[in-house]
Amino acid sequence: MEEKQMIKTSKRLSRHLRHAPGEIGLTLDSAGWVEVSALLSALGAHGRALTRPELDEVVARNNKRRFEFDATGTRIRASQGHSVDVDLEYRASTPPDLLYHGTVGVALPGIHAKGLKPMRRHDVHLSADLETAVKVGTRRGKPVVLTVDAAAMHRDGHVFRVSTNGVWLVAAVPPEYLSGL
Ligand code: HQG
């Protein structure tokens, strides 16, 4: 599949597997899974059809491994990034001592006042490496990278989880754990 088509399809999958399943008549289960056959027929009924081999290619080649199949390959979900209410059932894990969050200057006053909030998503997204945080910030403009004292948060009882595709998830980051503001 052409790169352009891959990106378009990935965005379409993100939309329906993270934010708006109902728009194409899909229902996700409580952990975000949907039958592959249901997804393919819903996509076909609402725009360009996608074949199973095409879906496999988009999942395998996706630059952020955004989607995953279950062990039997009959169900699919987004690994993180949802705005719909799901419990992805990731186990709580010990984070690296430092985690990073990429944002932009315009968000800083709000973050300074309230810390990092999940905003329209389910969790705050953090990365273990600086480079990813720079990329995340760059989506919105000139990137600002904040450093999260994840060791202290963990010690204080905040629960961290890591998604299948390596994104660190936490409900919120109070301002006292942030530097770089
Ligand atoms: C900001 C993409 C004001 C926050 C990326 C961010 C990531 C606040 C924006 C993933 C705030 C939310 C997630 C506060 C947070 N006041 N602004 N108190 N707290 N913010 O898109 O982390 O391509 O929901 O800094 O690469 O940017 O979709 O989160 O700028 O991995 O797979 O509010 O989405 O991945 O924006 O991005 P988002 P994010 P995908």
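Every number for a ligand or one of its atoms is a count from 1 in the order of the listing.
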Please check if the side chain of Gln5 supplies one atom and the backbone of Glu2 the other of a donor-acceptor pair under 3.5 Å. no
Could you check whether Gln80 and Asn165, counting side-chain N and O atoms only, form a donor-acceptor pair closer than 3.5 Å? yes
Can you confirm whether Glu131 is buried at CD, in the sense that more than 12 heavy atoms of other residues, nucleotides or ligands lie under 6.0 Å from that atom? no
Within 45° cone and under 6.0 Å: Arg61 NZ/CZ vs Phe67 ring: no
Note down each nitrogen or oxygen pair, ligand 1 side and protein side, whose separation is under 3.5 Å; give only atom names and the distance to 0.1 Å.
residue: ligand 1; atom: 18 (N); partner: Gly110; partner atom: O; Å: 3.3
residue: ligand 1; atom: 18 (N); partner: Gly115; partner atom: O; Å: 2.9
residue: ligand 1; atom: 19 (N); partner: Lys117; partner atom: N; Å: 3.0
residue: ligand 1; atom: 21 (O); partner: Arg121; partner atom: NE; Å: 3.4
residue: ligand 1; atom: 21 (O); partner: Arg121; partner atom: NH2; Å: 2.9
residue: ligand 1; atom: 21 (O); partner: Arg139; partner atom: NH2; Å: 3.1
residue: ligand 1; atom: 21 (O); partner: Arg140; partner atom: NH2; Å: 2.5
residue: ligand 1; atom: 23 (O); partner: Lys64; partner atom: NZ; Å: 3.2
residue: ligand 1; atom: 23 (O); partner: Arg66; partner atom: NE; Å: 3.4
residue: ligand 1; atom: 23 (O); partner: Arg66; partner atom: NH2; Å: 2.9
residue: ligand 1; atom: 24 (O); partner: Arg121; partner atom: NE; Å: 2.8
residue: ligand 1; atom: 25 (O); partner: His101; partner atom: NE2; Å: 2.7
residue: ligand 1; atom: 25 (O); partner: Thr103; partner atom: OG1; Å: 2.7
residue: ligand 1; atom: 26 (O); partner: Lys64; partner atom: NZ; Å: 2.3
residue: ligand 1; atom: 27 (O); partner: Arg139; partner atom: NH1; Å: 2.9
residue: ligand 1; atom: 28 (O); partner: Arg18; partner atom: NH1; Å: 2.8
residue: ligand 1; atom: 30 (O); partner: Thr103; partner atom: OG1; Å: 3.4
residue: ligand 1; atom: 30 (O); partner: Arg140; partner atom: NE; Å: 3.2
residue: ligand 1; atom: 32 (O); partner: Arg18; partner atom: NH1; Å: 3.3
residue: ligand 1; atom: 32 (O); partner: Arg18; partner atom: NH2; Å: 2.8
residue: ligand 1; atom: 32 (O); partner: Arg66; partner atom: NE; Å: 2.8
residue: ligand 1; atom: 34 (O); partner: Arg121; partner atom: NH2; Å: 3.2
residue: ligand 1; atom: 35 (O); partner: Lys64; partner atom: NZ; Å: 3.1
residue: ligand 1; atom: 36 (O); partner: Arg140; partner atom: NH2; Å: 2.8
residue: ligand 1; atom: 37 (O); partner: Arg139; partner atom: NH1; Å: 3.2

Counting only pairs under 3.5 Å, give me each side-chain donor-acceptor contact of residues 139-154, with atom names and distances, residues two or more places apart or in other chains.
residue: Arg139; atom: NH1; partner: Val136; partner atom: O; Å: 3.3
residue: Asp149; atom: OD1; partner: Ala152; partner atom: N; Å: 3.1

Donor-acceptor contact below 3.5 Å, side chain Thr103 vs main chain Ala107: no
